[in-house]
Number of protein chains: 2
Amino acid sequence: MAASIHISLNHKSYLREPESTELGRKIISESIKMIDALGFEQFTFKKLAAEIGSTEASIYRYFENKHKLLVYLVSWYWAWVDYTVTFQTHNLPDPRQRLDRALEELVNAGQEDDPSVAYIDERILYRIVMAESSKVYLTKEVDAENKEGFFLEIKKFCRHLAQLVLAVNPDYPYPHALVSTVMEAAHQQLYFASHLPSLTEIKYSQRPVEETIQFLKHLVYSAIDNSK
Amino acid sequence: MAASIHISLNHKSYLREPESTELGRKIISESIKMIDALGFEQFTFKKLAAEIGSTEASIYRYFENKHKLLVYLVSWYWAWVDYTVTFQTHNLPDPRQRLDRALEELVNAGQEDDPSVAYIDERILYRIVMAESSKVYLTKEVDAENKEGFFLEIKKFCRHLAQLVLAVNPDYPYPHALVSTVMEAAHQQLYFASHLPSLTEIKYSQRPVEETIQFLKHLVYSAIDNSK
DNA sequence: TAATAATAATAGTAATACTATCAAAAATAT
DNA sequence: ATATTTTTGATAGTATTACTATTATTATTA
């Protein structure tokens, strides 16, 4: 991964840009650890402030509330995955190779050791995305937040994958539906493997990432090769 | 639908059985309306108590907290869908016909007018399941609650559908993963059609239920007919 | 009709999700 | 190098949430 990449978001889930200050970066890096450890419901700005040796009021200057912080983290994640998929598929000649690689990255992104941004631990962020990301849009404010652009990153990545699907078969009628289903399923199946194993054949103890990639590739190619 | 059916759950998400008393039934029927109207986060026992002319303390005698009430509602929904699928597929001779009907019911259950239980509005409950149901297992307490049996109904329905899949093709290697993916996708795609339309081809204004059924049938049959 | 159980009324607590104010410290502009 | 502006810290305060406890009242059942 590049020595220095910068992910910037197309919306204002934040009040003050957290990347630009020491406190802002501490808010991001520590909130990732804390949301993972406590779960989003138990996570509070007060606890976060105590952990980073700051105050609630200071954190509120960066994020209006913890929901918007979660929107920021999840958006950052999808922008980052989109970047890595672009990077990884860049020189591949065959549409199937590109889609293969993209699906691998979707399931794998954040499982690697090497961090691309110093203050963000992508492995922990990945766990947050698995367990908490659907909470960003499953709210009564979804339409208002959609208008504010809070879901642009996830939509962009969905469009990106849909284009890879259409490059394999332009006649497949549900590229976005397929891809949004697969994006959710990737994390869901790994979550189920860990916590609700009877909902999936993926075994937590047996290379769950590789097995999930197999399952999703089979699903995707079966669907798109079975059209027109 | 039968004039009088009774869904009973295999666990104690409740403290006192809500179906057995007038207050209990009012808690259920009004909480369904209120969670739909306010969203789960804004819903409180205090507001519910005010609405049904009772008190917070009285509601707490039925449910330990609002999360367990949601677990109850979602479990009830899956038990009820399982029942309707059993009923609807009962006399169909062909495995494909049975799976077809099951997928139709999965997407459709709760869209019909006729209610099967007087104090439960399945159409509203369906919207709650779409928007809130993943919150029942996306918590830090998932493992403890799983041990208590809180997810038995969803697991049972998943097993039920997986059996229908295997009846069509016993060699398909991921029946539970496919079915849990499809169960989530059914509600997700309809939610996306309403709120994040660029994530799906399903159009809210153009028979979204029928279109979702088409999409899921194509997905499922492509996958299971493409094995062995 | 007495005993028991369920509900209502009321009060109270700790924690959450903020907002406001002001002083101290840090960054920046001149 | 100093003045100005911005950022942070310290402190306090409020409304709401998520409960628990107590006692009186009303239904239910024995």
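Just so we're on the same page: letters track the sequence lines, and every chain starts at 1.
- Listed in residue order, the members of residues 11-28 of chain A having a heavy atom less than 4.0 Å from DNA chain D are R16(A), T21(A), L23(A).
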Name the atoms and distances for all side-chain donor-acceptor pairs under 3.5 Å in residues 157-164 of chain B, with sequence neighbours left out.
{"from": "H160(B)", "atom 1": "ND1", "to": "D82(B)", "atom 2": "OD1", "distance (Å)": "2.6"}

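- For the side-chain hydrogen bond (donor to acceptor under 3.5 Å, both in side chains) test, residues two or more places apart in sequence or in another chain that qualify with H195(A) are D143(B).
- With sequence neighbours left out, the salt bridge (charged side-chain N to carboxylate O under 4.0 Å, His left out) criterion links K46(B) to no other residue.
- Using a 30° and 60° split on the angle between ring planes, Y191(A) and Y137(B) fall in the tilted class, from 30° to 60°.
- A177(A) meets the side-chain contact (heavy atoms from CB on, under 4.5 Å) test with Y174(A), Q189(B), T200(B), E201(B), F215(B); sequence neighbours excluded.
- Annotation: side-chain contact (heavy atoms from CB on, under 4.5 Å) contacts of K140(B) (sequence neighbours excluded): none.
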Completion exercise
Pairs under 3.5 Å (Watson-Crick or G-U), crossing ones as [ ], inter-strand ones as |: DNA chain D comes out as ||||||||||||||||||||||||||||||
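- Taking the six-membered ring for Trp, Y126(A) and H187(A) have ring centres closer than 6.0 Å.
- Between T55(B) and dA9(C) there is no side-chain polar atom (N or O) within less than 4.0 angstrom of OP1 or OP2.
- No engagement by F63(B) is indicated, since no non-hydrogen atom pair under 4.0 Å with the nucleic acid exists.
- Take T21(B) and apply the side-chain contact (heavy atoms from CB on, under 4.5 Å) test, not counting sequence neighbours, and it matches L23(B), Y62(B).
- Taking the side-chain contact (heavy atoms from CB on, under 4.5 Å) definition, one finds that E141(A) meets it with T139(A), E145(A), sequence neighbours left out.
- The phosphate of dT8(D) (OP1 or OP2) has a side-chain N or O of Y62(A) nearer than 4.0 angstrom.
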Pairs: protein N or O with nucleotides 15-19 of chain C N or O, under 3.5 Å:
{"from": "dC18(C)", "atom 1": "O5'", "to": "Y60(A)", "atom 2": "OH", "distance (Å)": "3.0"}
{"from": "dC18(C)", "atom 1": "N4", "to": "E56(A)", "atom 2": "OE1", "distance (Å)": "3.1"}

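- Checked against salt bridge (charged side-chain N to carboxylate O under 4.0 Å, His left out), K155(B) has no partners two or more places apart in sequence or in another chain.
- By the salt bridge (charged side-chain N to carboxylate O under 4.0 Å, His left out) test, R16(A) is found to be paired with no residue, residues two or more places apart in sequence or in another chain being considered.
- Residue S54(B) places no side-chain N or O under 4.0 Å from the OP1 or OP2 atom of dT7(C).
- Separating the CZ atom of R61(B) from the P atom of dC19(D) is a distance of 15 Å, rounded to the nearest angstrom.
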